[in-house]
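One structure is given here, and the rest of the page talks about it.
Each chain gets a letter, A, B and so on, in the order its sequence line appears, and its residues count up from 1.
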Amino acid sequence: MTERILITSALPYINGVKHLGNLAGSMLPADVYARAMRLLGHDVLYICATDEHGTPAELAAAEAGQSVSAYCDAMHSAQAEAGESFKLSYDYFGRSSSESTRRLTQNFALALEANGFIEERTSKQVYSVADGRYLPDRYVEGTCPNCAFEAARGDQCDNCGKLLDPVDLINPYSAVSGSHDVEIRDTNHLYLKQADMSGRLRDWVESHTSDWPVLTTSIAMKWLDEGLRDRSITRDLEWGIPVLNADGEVREGFEGKVFYVWFDAPIAYIGATQDWAVKTGGDWEKFWRTDKGADATRYVQFMGKDNVAFHTLSFPTTIMGSGQPWKLVDELKAFNWVTWYGGKFSTSGKRGVFMDQAIDIAPSDYWRWHLMANAPEGSDAAFTWEEFQASVNSDLANVLGNFVNRITKYCAGKFDGKVPEGGSKTDAEAWIEKELSERLPRLVEFYEAREFRKAMADTRAIWAAGNEYLTQAAPWTHYKTDIDQAAIGVRYGLNLVALFGILAQPIIPDTAEKILAAINIPSDKRSWKFGEVQDLLNALPIGHDISAPDVLFSKIEDDDVDTWTEHFGGQPT
RNA sequence: GGUGAGGUAGCUCAGCUGGUUAGAGCGCAGGACUCAUAAUCCUGAGGUCGAGAGUUCAAGUCUCUCUCUCACUACCA
């Protein structure tokens with residue numbers, strides 16, 4: 001049954017090209033899922049965008065000596081390029097700074113306020129005179145009132161671990177400029193009254209305890225159990241979405257203030273969908289407006305575990321509180337972290353491997369396979385160069401690459417590069433048919449359930465079964481005495497190559513294309529409409545021309561691993 | 001401090017509502033094969049399931065205590 005599926009992956013923040021952890025935890029699995037669902041015939045829309053507002057963007061722009069908007073333009077392009085290099089198949093890669101998101105954000109705020117979910121309150125915030133800006137808690141440092149550590153951050157002391165309030169720091173200074181000329185000022189902000197939504201949110205989350213991963217519901221329930229607090233949704237910043245009245249004028253007292261990035265970022269999912277519609281002539285409402293058919297859309301979100309609270313609590317508060325018929329997420333897949341030699345990947349700390357560096361080291365397919373086969377689903381997953389090497393050499397080069405190579409070359413050499421006819425089924429053919437009839441439905445189930453590690457393991461097992469089949473069928477042995485019997489082995493082998501290429505498409509699209517081109521499969525014969533296995537293994541017409549592709553995967557040498565380990569500091573800390 | 005997620009073969013990880021001899025891949029050892037990227041296929045060795053106590057006919061799986069790791073803790077995103 002064809003379904004309409006909306007897929008979003010958490011928006012990558014604008015302040016730099018993302019590292020492999022970001023890729024593995026949201027964009028890549030969303031892409032693999034999107035590709036698989038398209039192959040299954042679903043009507044898929046995969047949306048992503050850069051998240052461009054907030055203090056770090058302003059600071060990064062200042063450091064780069066650019067205006068914030070010029071900086072964001074440049075970084076958006078860089079991230080779009082990085083996404084393309086990893087073959088992320090976004091239907092649209094938008095920007096949270098777009099006009100559409102600006103309008104939507106302002107409208108959401110007005111609707112929420114009209115419904116009593118927004119309230120203006122005064123809070124105390126540290127202002128740095130030298131920097132000419134208010135400082136988020138993390139950008140204020142000073143002496144910890146608890147342990148006297150001198151470089152405690154405003155939100156938490158790194159020395160004693162105690163949670164702090166920046167106004168309690170002794171001798172505070174700006175972490176941006178180092179200036180001690182800071183003062184505490186009263187400032188007005190809008191607060192989203194999440195507490196008033198707790199009951200509805202709890203009912204909603206509880207209704208999903210059986211179909212969302214534990215990671216997702218446990219994080220959401222933790223926040224609810226602790227008691228949801230109202231969250232400030234504006235900031236004292238220049239760069240962002242201005243706070244307007246219904247008449248379009250800036251709200252009184254909100255000059256120099258904008259919406260908090262976490263208020264507008266998820267709204268950018270909608271904004272980017274509208275931008276996609278403008279660009280393509282598509283209909284965005286059927287994905288987002290429940291009064292325009294979005295009830296029939298299945299909405300699936302992908303994100304790292306740090307984003308779960310925003311996607312299960314604050315964004316839903318925005319949606320529900322608006323009183324308007326917006327679509328809520330149906331399924332939510334959250335990932336843990338990919339860890340890097342005992343620690344976290346870190347953009348600011350420049351720890352780990354970044355997308356632009358990774359693509360210089362190895363083709364995107366290598367990374368896609370390894371990151372999906374070792375996805376941080378159940379718990380944090382360790383990245384090591386040795387594991388990466390093993391994935392590529394063993395799974396891709398030896399199991400898949402070599403299989404394609406051995407049978408296509410043999411066919412080219414002995415059967416003139418044409419699918420041969422003749423021969424009769426033996427135990428070997430019965431065995432592979434049974435194997436596939438069990439594994440293929442399971443594979444599809446794993447994809448539909450977004451169980452990526454299991455899907456990858458099953459895919460690999462199917463590839464390995466191809467090698468085992470050839471060992472059983474041994475056409476090179478039969479060839480000496482009975483060419484027809486050799487022919488069926490080659491024919492089944494070639495059909496397996498075609499199938500493997502078809503199955504590989506969501507994971508390693510470049511290689512899948514090479515395989516399918518070599519085996520000469522037209523694009524309309526590449527979908528995941530698996531019928532009977534016997535038919536699948538006799539899909540190639542007799543006499544069909546094939547060619548042997550060049551070596552599909554070159555192996556990663558020990559020297560490469562040594563070089564990378566040294567260059568990237570991949571050593572146990 | 002609080003909360004959450006984890007601690008299962010040398011390594012990376014599966015093990016749903018408790019039930020026969022605890023699984024996979026990699027790595028390692030032996031064998032088979034020779035079409036293929038010294039690839040593949042088969043077989044094998046390797047685990048007191050973090051520690052301790054409890055519930056049960058039966059616990060990796062449930063309860064409690066302890067311990068270690070990681071994450072989150074609301075103005076980083």
Please determine whether a side-chain nitrogen or oxygen atom of A:Ser394 lies at a distance below 4.0 Å from atom OP1 or OP2 of B:rC26. yes

Rounded interatomic separation in angstrom, taking CD1 from A:Ile407 and P from B:rC41: 14 Å

Distance check needed: B:rA74 C1' versus A:Lys193 NZ, whole Å only. 18 Å

Check every strand shown and say whether A:Lys305 touches a base, only sugar-phosphate, or nothing at a heavy-atom separation below 4.0 Å. sugar-phosphate

Can you tell me whether the side chain of A:Asn398 and the base of B:rA39 have a donor-acceptor pair closer than 3.5 Å? no

I'd like to know if A:Asp560 pairs up with A:Lys555 as an ion pair, taking the criterion as any Lys NZ or Arg NE/NH1/NH2 lying under 4.0 Å from an Asp or Glu carboxylate oxygen. no

With a 4.0 Å cutoff (strictly under), does any side-chain N or O of A:Arg460 reach OP1 or OP2 of B:rC26? yes

Side chain A:Gln125 and base B:rC75 donor-acceptor under 3.5 Å: yes

Applying the 5.5 Å / 30° rule, does A:Trp476 stack onto the base of B:rC35? yes

Determine the interatomic distance between P on B:rG18 and the same-named atom on B:rA58; round to the nearest Å. 15 Å

Where each residue is assigned the nucleotide of RNA chain B containing its nearest heavy atom, which of A:Gly401 and A:Asp395 is assigned the position nearer the 5′ end? A:Asp395

Can you tell me how the ring of A:Phe93 sits relative to the ring of A:His76, calling it parallel under 30°, perpendicular over 60° and tilted otherwise? parallel

OP1 or OP2 of B:rA71 under 4.0 Å from side-chain N/O of A:Lys222: no

With rounding to the closest Å, how many angstrom separate the P atoms on B:rC68 and B:rA51? 15 Å

B:rC76 OP1/OP2 closer than 4.0 Å to side-chain N/O of A:Tyr260: no

For A:Tyr139 and B:rA77, what is the distance between atoms OH and P respectively, to the nearest whole Å? 7 Å

On a whole-Å scale, what distance lies between the C1' atoms belonging to B:rA45 and B:rG10? 12 Å

Donor on one side chain, acceptor on other, A:His370 and A:Asp395, under 3.5 Å: no

Rounded to the nearest angstrom, tell me the gap between atom CZ in A:Arg442 and atom P in B:rA24. 14 Å

Closest to the 5' end of RNA chain B, once A:Ser218 and A:Thr187 are matched to their nearest nucleotides, is A:Ser218

Given the P atoms of B:rC13 and B:rA29, what is the spacing between them in whole Å? 24 Å

Apply the syn/anti split at 90° from 0 to B:rG30 and say which one it is. anti

Dot-bracket summary - RNA chain B, pairs being Watson-Crick or G-U whose distances fall under 3.5 Å, with | when paired to another strand: (((((((..((((.....[...)))).(((((.......))))).....(((((..]....))))))))))))....

A:Arg406 side-chain N/O to B:rU37 phosphate OP1/OP2 under 4.0 Å: no

Distance-only side-chain donor-acceptor flag, A:Thr471 / A:Glu468, under 3.5 Å: no

Can a donor-acceptor pair be found between the side chains of A:Asp186 and A:Thr122 at a distance below 3.5 Å? no

For the pair A:Arg121 and A:Asp230, find out whether any cationic side-chain nitrogen is under 4.0 Å from an anionic carboxylate oxygen. yes

Given B:rC76, is OP1 or OP2 found less than 4.0 Å from the side-chain N or O atoms of A:Arg138? yes

Mind listing the N/O atom pairs, protein and nucleotides 11-16 of chain B, below 3.5 Å?
residue, atom, partner, partner atom, Å
B:rC11, O2', A:Glu387, OE2, 3.3
B:rU12, O4', A:Glu387, OE2, 3.4
B:rC13, OP1, A:Asp380, O, 3.2
B:rC13, OP1, A:Ala382, N, 2.8
B:rC13, O2', A:Arg453, NH1, 3.1

Without hydrogens or angle criteria, can the side chains of A:Tyr173 and A:Glu141 be said to hold a donor-acceptor pair below 3.5 Å? yes

Classify A:Gly227 by what it touches in the nucleic acid, base, sugar-phosphate, or nothing, heavy-atom distance under 4.0 Å. base

Quote, to the nearest angstrom, the C1' distance that separates B:rU8 from B:rG60. 7 Å

Could you tell me whether A:Thr55 contacts a base, only the sugar-phosphate backbone, or nothing, with contacts defined as non-hydrogen atoms closer than 4.0 Å? sugar-phosphate

Cation-pi, A:Phe335 ring and A:Lys333 (6.0 angstrom, 45 degrees): yes

Is there, by distance only and without an angle test, a donor paired with an acceptor across the side chain of A:Arg229 and the base of B:rA74 below 3.5 Å? yes

